[in-house]
Amino acid sequence: MRTRILVAISSIVLLASASAGAEPKPIAPDQFASLHKLIKPQPGESLFWQVPWLLSLDEALQKGAKEGKPILIWCGAGGAPHTVC
Amino acid sequence: MVRNGEWVTITASGKTVAVTASGKTLGNLPGISEKHRLSALEKALETWEALPDADKKPTQLALGTPDPERPLYQPPSDALIVRVFNRQFEWQDKGKLRYTVEEDYAEGEGKRGWARFRESAQDTMWIPKNEWTAFIPKEPQEGQSFSPPATFTLRLFKYHLDPERGLGEGVTFRGAKLEDGELTLTVEKVTPAIVQLRLDGVARLSQGRPDDKQTRYDTALLGHITCDRKKGTITQFDMVVLGDVLNTPRRVRPGWHPLGIAFELVTEPTNAELVVPRGGRDNAERYLTMTR
């Protein structure tokens, strides 16, 4: 169902095709806004951005101890827990 | 503060773990699938519920020692923070784009991860003050055009037109050069209050030798930038990139497929939006100042 909804949303849009491997076709100014919106997360996607993450592990430990809550750590390559993959 | 800790294990592709403030591991949360992760999270919560209050609300914490080799790295003062969204598409009839579906992905990693790959992958781009101030001529005239700073263009080509975002930790076009594309800033509107510019151009990026496994991205760019002249700030940096990728990395989609990338200025960043961009992960200073 979700797939059908998203495909339906996308079908109202765009755009003259760029031939694969050919010179990139300029983006028409009147299609800018719709294309920008189409690329960005749609409702129900990328929900992890709504989490009020903390960047400091020490701050999280102190907050967790004070509020009596467990801590979820998401760490990525290059150092824990402050970096991205 | 980033510290060494016995209950945090780093892998190249990231890791999630649930812990107590007292330092007990409640559970590792595997990223194999949403189902596995939720199951592991439920078990971690069960473990949490069974703990004594002394573990749930410890009165003393062992915070350890900050690791001087890995300081918390913040965006430079006055740098623009721009959200970057990459999304794979497929062409349908009459040149329209559609979102991808399972059938668009190759066997193996493509089919296993398609539900994640079809969503937009995300990153941030930092644009330091010396670059964004160079976007605005001292005496702007409508129709005036010029090239953006080379450091900006290089950072964009190397790290932010990357078809591997969302697939893995690689950087597809790390070797990109200035001559791999052309970007032009054009002053479109000048008033006492604002200057509006258009950023457009093309990039033709490639990785490796030209064989049947080479990844390419031949793409067009169009952006809109607005400067508040009285405040001396950038109030809009929106850009769209659309072109075709040959051989999406990790072999999840062999052949040519469209990839769109959207850029959007962040005005009030959340903590998550302060995280170092992928391109600056290993050396943020170089990311900000690269000249080749």
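Only heavy atoms go into these numbers, but all of them, side chains included; no hydrogens, no water, no symmetry mates. In what follows, chains carry the letters A, B, and so on, assigned in the order in which the sequence lines appear, proteins first and then strands, with residues in each chain numbered from 1. Since this is a predicted model, take the numbers as computed values, not measurements.
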Q. Would you say A/D30 has more than 12 foreign heavy atoms packed within less than 6.0 Å of its CG?
A. yes
Crowded around A/E67 CD? As in, over 12 foreign heavy atoms under 6.0 Å?
yes
Segment of [X] engaging chain A (4.5 angstrom heavy-atom cut-off):
X	result
B/D238	both
B/V202	side chain
B/I261	backbone
B/V245	neither
B/Y217	neither
B/A203	backbone
B/L246	neither

Would you indicate whether the side-chain heavy atoms of [Y] and [X] approach each other to under 4.5 Å?
X	Y	answer
B/T16	A/I73	no
B/F85	A/H36	no
B/L97	A/L35	yes
B/L29	A/W74	no
B/R198	A/P29	no

Looking at [atom1] of [X] and [atom2] of [Y], how far apart are the two atoms once the value is rounded to the nearest 0.5 Å?
X	Y	atom1	atom2	result
B/L222	A/Q31	CG	CD	10.5 Å
A/I27	B/L242	CD1	CG	5.5 Å
A/Q50	B/T270	CD	OG1	11.0 Å
A/Q42	B/R118	CD	CZ	9.5 Å
A/I39	B/L259	CD1	CG	8.0 Å
B/L41	A/L72	CG	CG	7.0 Å

Assess whether a salt bridge exists between A/E45 and B/R87, defined as any Lys/Arg side-chain N lying under 4.0 Å from an Asp/Glu carboxylate O.
yes
- request: Give a yes or no on whether a salt bridge exists between A/E23 and B/R204, defined as a side-chain N under 4.0 angstrom from a carboxylate O.
  value: yes
Tightest non-hydrogen contact, residues B/W48 and A/G68, listed as CZ2-O, 3.1 Å
Here the pair of heavy atoms bringing A/L61 nearest to B/T20 is CD2-O, 4.2 Å
In sequence, state the C-alpha distance, the side-chain angles, and the governing distance for A/W49 and B/E273, and then conclude on side chain to side chain donor-acceptor pair (under 3.5 Å). CA-CA 9 Å; A/W49 284 96; B/E273 290 165 336; over 6 Å; no
Pair count under 4.5 Å, heavy atoms only, with chain A: among B/K56, B/E264, B/E102, B/R83, highest is B/R83
Interface check, chain A: of B/G166, B/G27, B/S120, most non-hydrogen pairs under 4.5 Å belong to B/S120
Note: vs chain B, highest number of non-hydrogen pairs under 4.5 angstrom among A/G64, A/P26, A/S46 is A/S46
- Item | Side-chain donor/acceptor of B/D218 to backbone N/O of A/P24, under 3.5 Å | no
| query | Any donor-acceptor pair under 3.5 Å linking the side chain of B/H224 with the backbone of A/F32? | reply | no
Bottom line for A/K69: the part with an atom under 4.5 Å from chain B's heavy atoms is backbone
